[in-house]
Participant: 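This structure is in structure tokens; I'll ask about it shortly.
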Amino acid sequence: MASVYRTLDGIDFDRTDCPALPRPDTVLLTTPDYYDVQYVINPHMSGHVGSVNHGVAMQQWKALRAVYTALGIEPHIVDGQPGLPDMVFCANQTLPFFDPLAERHGVVLSRMQAEQRRDEVPYFADAFSDLNYTVESLPESVNSPFEGMGDGIWHPGRYLLWGGYGFRSAPEPYEVLAGLLGARVVALELTDADFYHLDTCFSPLDEHSVLIYPGAFTDDGLALIDHFFTTVVEAPEEEARHQFACNAHCPNGHHVLIQEGCTTTENRLRRAGFKPIELDTSEFMKSGGSVFCMKQMIW
Ligand code: ARG
């Protein structure tokens, strides 16, 4: 049951065969007090070193926090730390989980590929342990990177993990994660460096629907996405590549928090029954991230 699937061959189950997963109701956010672009570890950061407007970044982050609060999703705040300018992207250091069969909360710590970000992880280990989550690490024998919920994304409502690999996470950790979590994993190879984390090109909206940029996947990946979702909303290349349209976040199966100006994507979301809420994340896009990577959903 706990296996990794990379092609449609061998898939003999549908999403409804996976255990039901409750919707997380709390959002973990990290303050951008020390947010900056100081190095280049993804293509979006080049040309932006030293260009962050810190006052504007703080306003944009507060606006994001306010939207979650207005939607009734309680923010749990972890303080950003000096010397860790990417810590605000709190989707990356961990993969929180709730095993519905064992009724067990836990979190798997990331093994950051980006050396500059490795010291962020212990702060999140502490934060989750304060929340009474069991804190798990990948075994020493796994010698390859895994960058948390940037690449490992739960299927809404189902205990089924989508796992991106190719740029920041490697494929190997998903084998171990499947066993550790007792969950099926659908692994998707990423093919375009601008879409270096799965959450830059894939945002599940609800159990039936997903927002993707198809150009970032292989044919095998697209076939897997089509198999597990009934509605696939596609973002056009310009909005996906330059405005992070697919780094949108749907926390409640209805509202979709999205970078402002993704007009075509927003219209397609509305036609599919969703309600876009525009936010300006321009200061964070300089570092290669938008809404989805600035939060971590927890149970
Ligand atoms: N500068 C950060 C990095 O490259 C941005 C991370 C954005 N997070 C994400 N899940 N896409 O690591």
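Remember, predicted model here, so these are calculated numbers, not experimental data. Remember, it's 1-based here, ligands and their atoms both numbered in the order they're listed.
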Participant: Is the backbone of V291 close enough, under 3.5 Å, to the side chain of T281 for a donor and an acceptor to pair up by distance?
Facilitator: no
Participant: With side chains defined as the heavy atoms from C-beta onward, is the minimum distance between M87 and F124 less than 4.5 Å?
Facilitator: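 SC-SC contact between M87 and F124 confirmed.
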Participant: What heavy-atom pair brings H155 and E207 nearest, and what distance separates the two atoms?
Facilitator: NE2-O, 2.9 Å
Participant: What does the 4.0 Å heavy-atom contact list look like for ligand 1?
Facilitator: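 For ligand 1, the contacting residues are I41, N42, M45, D86, F89, N92, R117, G150, R168, Y196, H197, D199, T200, S287, G288, C293.
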Participant: Does D192 form a salt bridge (charged side-chain N to carboxylate O under 4.0 Å, His left out) with R241? I'd like the steps, not just the answer.
Facilitator: CA-CA 10 Å; D192 182 324; R241 197 180 290 281; 2.8 Å; yes
Participant: Tell me, which pairs form a salt bridge (charged side-chain N to carboxylate O under 4.0 Å, His left out) where one or both residues lie in residues 83-103, sequence neighbours left out?
Facilitator: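 Output for this query is empty, none listed.
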Participant: Please name the pair of heavy atoms, one in P276 and one in I258, separated by the smallest distance, quoted to 0.1 Å.
Facilitator: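 Smallest heavy-atom distance, with atoms named: CB-CG2, 4.1 Å.
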